[in-house]
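Data block below; observations after.
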There are 2 protein chains.
Amino acid sequence: MPKVPPVLLDQQLCFSIYSASKKFNHFYQSALAPFGLTYPQYIAMLVLWEDAPLTVHQLGEHLELDSGTLTPLLKRLEKQGWVSRVRSQTDERQVLIHLTEMATAKREEVYARIGQCQNLLGMTDKEIDDTMAELATVKSQLDTVSRQRLITKNIDSHQ
Amino acid sequence: MPKVPPVLLDQQLCFSIYSASKKFNHFYQSALAPFGLTYPQYIAMLVLWEDAPLTVHQLGEHLELDSGTLTPLLKRLEKQGWVSRVRSQTDERQVLIHLTEMATAKREEVYARIGQCQNLLGMTDKEIDDTMAELATVKSQLDTVSRQRLITKNIDSHQ
DNA sequence: TTTCAAAATATTGTATACAATTAAATTGTC
DNA sequence: GACAATTTAATTGTATACAATATTTTGAAA
């Protein structure tokens, strides 16, 4: 006889978010196809358009990605002409990511494209803000739990 | 002079969801470490605990994943003793995924573990329901847009 | 019944993610 | 100034995702 209620996939917030994330990925992949950008490449470009040049580490802080993901991603962006990767003169450990002229030239075009795509979502600014606020709460809780390592230290009584 | 406003990463709903999805992934990866399950493996097990045996195709419908992802994932689950993959007798094209005795035996333990982890989130049922409802709206919109292929057909004027 | 389209799974190739390790450069400390 | 600890990227290995293709089986139509 079950001591705990069943865990139903369709009632899981995690799956709801996981699924939405994949759909957004697909959505932007299609929308950005004319530019040949994947979704992760696109968000990297967003950060760089705001703030280039940035080191790999700085870019990673914005995107919450490490060099294991970023190094190959940036090499692909470089190959396709969006960025250049330049070893810093003042600190040889760092690699500075610069925008190319092409990237600067296409910035407005991509912004316009994304604006149109967002209109297709048919959500008001308030709806978007509210959803993001709730997600911020969830993420904050997840961060807290991870930071406190409650999971691996305190609950592992059955191990 | 910019014709369109800049697209700021931190104001993007897509990034908010992408980031939350990664955090959840990490959260469950830690929580399920004692069982040696990754997050995608875990949600596959959730569906199977509800409904096994299922064909690869049926499982994929619940998870929104295709055989390209599921086949290797299920092989890993099989290797670790959670499932068995059996070619159907009545239709040799299908592979039925059955739970092993170990999987059935560990079901309650995993449910309990996940229940504890969800408590750590500190969200009320209502808060979770509300967030999921908003995400359902977003996903529905994304599906509609994808289905209508508006992106690739109607907006591609600059191509 | 032969044939051909459709269905189910597997495979291949590309692109993330991320843990763990490596390698090089820099900093702090004595 | 030597040198250990730290920082930064890159690399390695494993596990998703998913498009595209291949293979096998089934079902339906001629």
Side-chain angles (χ1 to χ4, degrees), chain A residues 14-15 18-30 32-33 36-45 54-61 63-80 82-83 85-97 146 152, chain B residues 14-15 18-30 32-33 36-45 53-61 63-80 82 85-97 146 152:
Chain A
C14 60
F15 183 69
Y18 163 84
S19 168
S21 181
K22 288 201 302 175
K23 284 186 201 295
F24 255 124
N25 201 303
H26 184 261
F27 175 71
Y28 277 108
Q29 209 91 11
S30 299
L32 297 167
L37 291 172
T38 66
Y39 177 69
Q41 289 167 5
Y42 158 68
I43 57 177
M45 289 305 300
L54 289 172
T55 68
V56 173
H57 183 77
Q58 290 171 325
L59 184 57
E61 283 182 335
L63 299 174
E64 297 164 36
L65 292 171
D66 65 13
S67 67
T69 301
L70 284 178
T71 296
L73 184 151
L74 291 168
K75 284 182 179 175
R76 284 187 283 270
L77 281 179
E78 184 178 44
K79 200 173 179 183
Q80 292 164 31
W82 294 94
V83 304
R85 299 161 61 248
V86 186
R87 195 56 75 164
S88 165
Q89 294 290 314
T90 56
D91 186 340
E92 295 266 340
R93 291 172 302 182
Q94 300 178 333
V95 169
L96 286 166
I97 312 300
S146 296
T152 48
Chain B
C14 59
F15 183 69
Y18 163 83
S19 168
S21 180
K22 288 200 303 175
K23 283 185 202 297
F24 255 124
N25 201 302
H26 184 260
F27 174 73
Y28 277 108
Q29 209 91 12
S30 300
L32 297 167
L37 291 172
T38 65
Y39 177 70
Q41 289 167 5
Y42 158 69
I43 56 176
M45 291 304 300
L54 289 172
T55 67
V56 174
H57 183 76
Q58 289 171 327
L59 183 58
E61 282 182 337
L63 299 173
E64 298 165 35
L65 292 172
D66 66 12
S67 68
T69 301
L70 285 177
T71 295
L73 184 151
L74 292 169
K75 283 183 179 173
R76 283 186 283 269
L77 281 179
E78 184 178 45
K79 199 175 181 182
Q80 291 164 32
W82 293 95
R85 297 160 64 246
V86 185
R87 194 56 73 167
S88 165
Q89 295 289 316
T90 56
D91 185 340
E92 294 266 342
R93 290 172 302 182
Q94 299 179 334
V95 169
L96 286 167
I97 311 300
S146 295
T152 47

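Every value quoted in this text rests on a predicted model; they were computed, and no experiment measured them. Naming convention: chains lettered A, B, ... in sequence-line order (proteins, then strands); numbering from 1 in each chain.
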Could you pull out all residues at least two apart from A:Asp66 that satisfy salt bridge (charged side-chain N to carboxylate O under 4.0 Å, His left out)? none
Just to be sure I understand the rule, does B:Gln29 reach a base, reach only the sugar-phosphate, or reach nothing, if contact means heavy atoms closer than 4.0 Å? nothing
Across all chains, not counting sequence neighbours, the side chain to side chain contact (heavy atoms under 4.5 Å, CB included) partners of B:Lys23 are A:Glu64, A:Lys139, A:Leu142, A:Asp143, B:Ser19
Below 3.5 Å, can you tabulate the donor-acceptor pairs from side chains in residues 69-79 of chain A to any protein atom, sequence neighbours excluded?
{"unit_1": "A:Thr71", "atom_1": "OG1", "unit_2": "A:Ser67", "atom_2": "O", "d": "3.0"}
{"unit_1": "A:Glu78", "atom_1": "OE1", "unit_2": "A:Arg85", "atom_2": "NH1", "d": "3.3"}
{"unit_1": "A:Glu78", "atom_1": "OE2", "unit_2": "A:Arg85", "atom_2": "N", "d": "3.2"}

Among A:Val56, A:Thr55, A:Val86, side chain to side chain contact (heavy atoms under 4.5 Å, CB included) partner for A:Gln94: A:Thr55
Using the ring pair (Phe, Tyr, Trp, His ring centres under 6.0 Å) criterion, which residues pair with A:Tyr18? Sequence neighbours excluded. A:Phe15, B:Tyr39
Reckon A:Thr55 has a side-chain N or O less than 4.0 Å from the OP1 or OP2 of D:dA9? yes
When all nucleic acid strands are considered with a 4.0 Å heavy-atom cut-off, which category describes B:Glu64: base, sugar-phosphate, or nothing? sugar-phosphate
Can you list the residues that meet the side chain to side chain contact (heavy atoms under 4.5 Å, CB included) rule with A:Glu92, with sequence neighbours excluded? A:Arg87
Could you tell me whether A:Leu65 contacts a base, only the sugar-phosphate backbone, or nothing, with contacts defined as non-hydrogen atoms closer than 4.0 Å? sugar-phosphate
Per-nt protein contacts along nucleotides 19-26 of chain D (heavy atom under 4.0 Å; B base, S backbone sugar-phosphate only, - none) come out as S-----BS
Going by ring pair (Phe, Tyr, Trp, His ring centres under 6.0 Å), name the residues that satisfy it together with B:Tyr42, two or more places apart in sequence or in a different chain. B:Tyr28
If you walk 5' to 3' along DNA chain C, what is the first nucleotide with an atom under 4.0 Å of a heavy atom in chain B, and what is the last? C:dA7 to C:dA19
